[in-house]
Amino acid sequence: MKDENAIRDKSKSFAIRCIRLYKYLSEEKREYVMSKQLLRSGTSIGANVREAIFGQSRSDFASKLSIAQKEAGETEYWIELLEASEYISEKQSESMLNDCRELIKLLQSITKTLYNK
């Protein structure tokens, strides 16, 4: 499935961005709470996508992708809070949010297709 590879690759790239943002926030800004939440949820997206790919059944696959979608929604929230509390700039936030929202749309599209079959 073409989307499967796209979501796998994009979620991994996004996880790397979250790791880098976490390092910046903890080392430069001395922010540990929200950045840790961002790290956890942002890397969980790709982990759940990877689990889905190796799922034991169609329902297992769909379940893991739904969890990935929820984690992406949570990650979006942490990015918004980091900007609102001025730990990251609007430009940084926009870039991260664009990638996060793209993942959400991809995950929604895949899960919608799965549930409509």
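Just so it is clear, the model here is predicted, and its values are computed rather than measured.
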Per-pair distances, 0.1 Å, donor-acceptor, side chain in residues 43-52, under 3.5 Å, sequence neighbours excluded:
unit_1	atom_1	unit_2	atom_2	d
T43	OG1	L39	O	2.7
T43	OG1	R40	O	3.4
S44	OG	N48	ND2	3.0
N48	ND2	S44	O	3.0
E51	OE1	K64	NZ	3.4

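- For the residue pair T111 and Q69, the shortest heavy atom distance occurs at OG1-OE1, 3.4 Å.
- Q56 places no side-chain N or O within 3.5 Å of a backbone atom of D60 that could act as its donor or acceptor partner.
- Panel note: side chain S13, backbone D9; a donor-acceptor pair is recorded below 3.5 Å.
- Residues that satisfy the side-chain hydrogen bond (donor to acceptor under 3.5 Å, both in side chains) test with S89, not counting sequence neighbours, are Q92.
- L114 and F54 end up in the same hydrophobic cluster when Ile, Leu, Val, Met, Phe, Trp and Tyr side chains are linked at under 4.5 Å.
- Residues C100 and I79 come closest through the heavy atom pair CB-CD1, 4.4 Å.
- Checked against side-chain hydrogen bond (donor to acceptor under 3.5 Å, both in side chains), Q108 has no partners two or more places apart in sequence or in another chain.
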K105/E76 under salt bridge (charged side-chain N to carboxylate O under 4.0 Å, His left out): CA gap, chis, key distance, verdict = CA-CA 12 Å; K105 285 177 186 171; E76 180 182 38; over 6 Å; no

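- Linking ILVMFWY residues whenever their side-chain heavy atoms come closer than 4.5 Å, directly or via other members, places M96 and Y77 in the same cluster.
- Not counting sequence neighbours, E86 has no partner by the side chain to side chain contact (heavy atoms under 4.5 Å, CB included) test.
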Just do the side chain to side chain contact (heavy atoms under 4.5 Å, CB included) check on L103 and S11 with the steps written out, would you?
-> CA-CA 7 Å; L103 283 171; S11 61; 4.1 Å; yes

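- Looking at C18 and W78, their side chains never come closer than 4.5 Å, going by heavy atoms from C-beta outward.
- No side-chain heavy atom of I53 sits less than 4.5 Å from a side-chain heavy atom of I7.
- Every residue meeting the side chain to side chain contact (heavy atoms under 4.5 Å, CB included) condition with S63, not counting sequence neighbours, appears here in chain and number order: I67.
- The heavy-atom pair separating Y24 from Y87 by the smallest distance is CE2-O, 4.2 Å.
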Stepwise side chain to side chain contact (heavy atoms under 4.5 Å, CB included) test for L81 and L38 | CA-CA 10 Å; L81 281 184; L38 170 78; over 6 Å; no

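- Contacts of S85 classified as side-chain hydrogen bond (donor to acceptor under 3.5 Å, both in side chains), with partners at least two apart in sequence or in another chain: none.
- Crowding of R20 atom CZ: a count of heavy atoms from other residues, nucleotides or ligands under 6.0 Å not exceeding 12.
- The two residues L107 and A72 come nearest to each other via the heavy atoms CD1-CB, 4.5 Å.
- E31 and L82 make their closest contact through OE1-CD2, 4.3 Å (heavy atoms, listed as atom of the first residue, atom of the second, distance).
- Proximity of a side-chain donor or acceptor of T75 to a complementary backbone N or O of E71 within less than 3.5 Å is detected.
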